[in-house]
Number of protein chains: 2
Amino acid sequence: MTDPVARIGDVARAAGVSTATVSRALRGLPHVASATRQRVLAAAADLDYRPNLPAARLAAGTTNTIATAVPDPAAWFNATIVGALGRHITAAGYDLLLSGVASSDERQRFIELNGVRSGRSDAVVLIDVALDAEIASAFVAQGGCAVTIGFRTPALSSVTVDNVAVGRSATEILLDHDHRRIGLLSLSGGDSLNFSIPSQRAAGYAGAHSTAGLTPDPALTVSTSNSWAEARRAAHALLRAAEPPSAIFAMCDEQAFGAMLAARDLGLRIPDDLSLVGVDDHDQSRLVGLTTVRQHVATQGAVAAELLLQMLGPNVGPPQHVQLDTELIIRDSVGPPRID
Amino acid sequence: MTDPVARIGDVARAAGVSTATVSRALRGLPHVASATRQRVLAAAADLDYRPNLPAARLAAGTTNTIATAVPDPAAWFNATIVGALGRHITAAGYDLLLSGVASSDERQRFIELNGVRSGRSDAVVLIDVALDAEIASAFVAQGGCAVTIGFRTPALSSVTVDNVAVGRSATEILLDHDHRRIGLLSLSGGDSLNFSIPSQRAAGYAGAHSTAGLTPDPALTVSTSNSWAEARRAAHALLRAAEPPSAIFAMCDEQAFGAMLAARDLGLRIPDDLSLVGVDDHDQSRLVGLTTVRQHVATQGAVAAELLLQMLGPNVGPPQHVQLDTELIIRDSVGPPRID
DNA sequence: TTGAAAGCGCTACCAC
DNA sequence: GTGGTAGCGCTTTCAA
């Protein structure tokens with residue numbers, strides 16, 4: 001059953017050389033006579049030898065692993081980023097360790113577990129999880145290497161979008177269509193989530209209003225998670241209020257989907273009875289004709305991977321902050337307000 | 001900058017005890033006087049000591065890591081499973097290593113890299129990736145521990161659904177509505193993917209037909225990936241054929257979404273001009289009123305985690321195969337064929 | 001070009 | 001209850 005696995009020593013013995021030579025030969029390092037290398041290779045193949053990675057890494061003092069923290073690995077945004085990120089770092093020879101950090105306790109644990117100190121990973125990527133500036137600084141002071149996505153703090157490299165602009169352009173298109181009561185479906189993170197995104201998008205929403213000489217009605221703002229089920233309930237309440245909005249700006253497409261469902265519940269047609277704008281350009285948004293502010297999600301993962309690989313390279317530099325473009329995608333969910 | 005990280009020896013020295021005692025004290029093992037433990041704890045806190053995980057694991061001969069292979073981590077089905085799986089195994093104290101294996105080369109590499117031999121993981125979970133029976137047997141013969149999801153081979157524990165029944169019930173509802181020309185949007189995996197699922201669902205489709213005394217027109221079957229963009233093109237072609245189907249059975253909801261788009265392109269309304277059934281009950285299916293055969297995706301991840309944890313436990317047993325139920329979810333995408 | 005031996009940081013066994 | 005010490009499996013000087 002448990003056949004004794006071949007170790008480097010077994011290969012050495014079989015090839016009649018030392019373990020040092022086996023190590024060199026197998027890794028293609030120089031200073032090995034090619035005849036010797038052949039012999040080692042043959043012996044290794046013969047014994048079906050596989051080097052023990054953790055041991056090799058311990059000895060070499062590296063981990064070749066990138067640890068990733070994300071609030072919810074199943075959410076579309078996160079999954080898309082993880083996919084892109086994984087592709088790139090795997091190609092570069094790194095392993096991807098994935099942790100869900102739904103609560104701030106878990107986030108805390110993640111940070112501790114993945115500091116350089118614990119030797120579990122060479123670097124960390126934080127997707128939509130916020131970090132106190134001091135914790136971040138302490139992390140890098142200890143030699144930690146990290147990049148954040150969707151969140152920005154000075155000490156760490158980051159990839160983000162301009163969320164104020166996002167909120168502004170989503171609101172503007174609604175304003176341009178003469179909507180004057182615009183509901184806001186705001187994002188309420190779990191406690192480990194990133195609060196700056198909702199507040200920045202809300203700032204854009206407010207800014208667009210004030211540019212137009214308007215002041216949004218605070219009663220029109222409600223917060224929900226990114227689940228459409230929750231957004232649906234919230235939108236439902238909004239739309240059944242005494243003075244309902246004629247349009248809704250949802251901070252993510254999933255919430256917009258919930259709003260669509262709510263509209264349907266109430267017999268409201270989109271865009272005739274209700275206009276709607278989301279953010280993300282979710283895979284399904286096109287299907288339902290949702291007008292939305294697209295952010296290039298997979299690209300964010302790819303860029304993060306690039307930054308990471310660069311930081312892990314020989315020449316260290318200061319943290320880099322890249323901000324990606326967004327664009328308004330016009331589909332069929334925005335029209336003029338209904339006149340009653 | 002690179003402040004020297006505290007090692008177990010430093011803690012031992014600071015507390016005036018041996019490393020053995022530190023190890024015991026820190027891990028809460030018995031045979032440590034509580035006064036000693038306090039002293040060790042204090043010293044560790046003082047030095048901000050973090051045990052080096054890889055080293056600890058190497059010494060203890062464990063990895064505490066589960067390696068997961070999935071064709072595409074970004075796909076909804078996979079992401080949902082990974083999310084559920086991760087939650088459970090993390091709770092049990094394991095790390096989750098995630099690898100995308102889009103090609104059979106990558107799958108091969110994954111298997112080699114994660115055999116017991118390489119000591120990288122304690123167990124492996126394969127999501128929708130197929131394995132030759134011999135490779136699977138060899139894997140367990142070497143002491144490998146694995147569970148597969150969506151694919152079944154004798155040697156490995158698995159969690160699956162009855163895909164023939166899935167295909168049958170999707171087809172039956174269409175047949176029951178008097179459709180006689182039913183298109184089949186079949187799944188074509190990448191080369192690492194699991195081919196048994198499409199063929200089983202197709203068998204269900206054929207079986208339902210023959211039970212009704214019918215023979216499906218082979219021209220009505222087309223294969224695409226699970227991307228809706230591709231499915232859209234395929235459905236488009238199907239619907240513009242000389243004798244188009246009056247209904248389509250799509251092997252996954254994402255393909256059904258593509259078919260919806262194709263229908264829209266052609267000015268066909270659902271279900272008036274075209275009926276549609278999918279499989280999965282994707283998060284978005286409810287939004288677009290798609291009738292579908294639901295499989296409990298997150299549950300599959302949870303069950304897989306359970307099997308895994310059990311296998312990793314003390315009492316080894318034979319591989320277990322659990323088959324989860326599916327259910328037809330009736331929404332608004334199926335109606336009688338149009339009479340022209 | 002090759003080998004001996006000293007680690008990497010921790011655990012676990014066996015004495016005391 | 002505690003410490004000494006031999007590993008875990010590999011890498012990497014350093015000398016030969």
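Chain A is the first sequence line, chain B the second, and so forth, proteins listed ahead of strands; every chain is numbered from 1.
Taken over five-pair windows at either terminus, the axes of the helix from C:dT1-D:dA16 to C:dC16-D:dG1 are inclined to one another by 40° (rounded to 10 degrees).
The stretch residues 8-17 of chain B touches DNA chain D through B:Gly16, B:Val17, each having a heavy atom under 4.0 angstrom from the strand. Looking at residues 54-63 of chain B, you'll see B:Leu58, B:Ala59 sit with a heavy atom under 4.0 Å from some atom of DNA chain D. Near-neighbour residues of DNA chain D inside residues 36-50 of chain B, defined by a heavy atom below 4.0 Å, number-ordered: B:Thr36.
Ionic pairing of B:Arg13 and B:Asp10 is present here: one or more N-O contacts between side-chain nitrogen and carboxylate oxygen are shorter than 4.0 angstrom. Between A:Asp48 and A:Arg50 there is a salt bridge, since a side-chain N of the basic residue sits under 4.0 Å from a carboxylate O of the acidic one. The residues B:Arg57 and B:Asp122 are annotated as not salt-bridged, no charged nitrogen and carboxylate oxygen being separated by less than 4.0 angstrom. Under a 4.0 Å N-O distance rule, the pair A:Asp46/A:Arg39 does not qualify as a salt bridge.
Taking the side chain to side chain donor-acceptor pair (under 3.5 Å) definition, one finds that B:Arg27 meets it with B:Ser23, sequence neighbours left out. Evaluation of the side-chain contact (heavy atoms from CB on, under 4.5 Å) rule for B:Ala75 yields B:Asp72, B:Asn78, B:Asn226 as partners, not counting sequence neighbours. Looking at residues two or more places apart in sequence or on another chain, you find a side-chain contact (heavy atoms from CB on, under 4.5 Å) between B:Pro54 and B:Asn52. Residues forming a side chain to side chain donor-acceptor pair (under 3.5 Å) with B:Asn64 (at least two apart in sequence, or on another chain): none. For A:Gln320, there are no side chain to side chain donor-acceptor pair (under 3.5 Å) partners, not counting sequence neighbours. Remark: B:Ala92 pairs with B:Tyr94, B:Leu309 by the side-chain contact (heavy atoms from CB on, under 4.5 Å) rule, at least two apart or across chains.
The residue from B:Asn114, B:Thr65, B:Thr63 that alone fulfils the side chain to side chain donor-acceptor pair (under 3.5 Å) condition with B:Arg120 is B:Asn114. Applying the side-chain contact (heavy atoms from CB on, under 4.5 Å) test between A:Ile66 and each of A:Leu85, A:Leu97, A:Leu308 identifies A:Leu308 as the sole match.
With rounding to the nearest 0.5 Å, the separation of CG in B:Leu113 from OG in B:Ser118 is 5.5 Å. Annotation: the span from A:Ser157 atom OG to A:Met311 atom CE amounts to 4.0 Å, rounded to 0.5 Å. The structure places CG of A:Asp105 at 15.0 Å from CZ of A:Phe110, a figure rounded to the nearest 0.5 Å.
When side chains are defined from C-beta on, B:Val101 does not count as touching B:Arg109, because their heavy atoms never get closer than 4.5 Å.
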Show the distances under 3.5 angstrom between N or O atoms of the protein and N or O atoms of nucleotides 13-16 of chain D.
none

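Atom CG in A:Leu53 sits roughly 11 Å away from atom C1' in D:dG9 (whole-Å rounding).
Distances shown here put a side-chain N or O of B:Thr21 below 4.0 Å from the OP1 or OP2 atom of D:dG3.
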Candidate pair A:Leu324 and A:Thr299, rule side chain to side chain contact (heavy atoms under 4.5 Å, CB included), full reasoning: CA-CA 9 Å; A:Leu324 261 28; A:Thr299 306; 4.1 Å; yes

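Scanning DNA chain C 5' to 3' for nucleotides with an atom closer than 4.0 angstrom to a non-hydrogen atom of chain B gives a first and last hit of C:dG9 to C:dC13.
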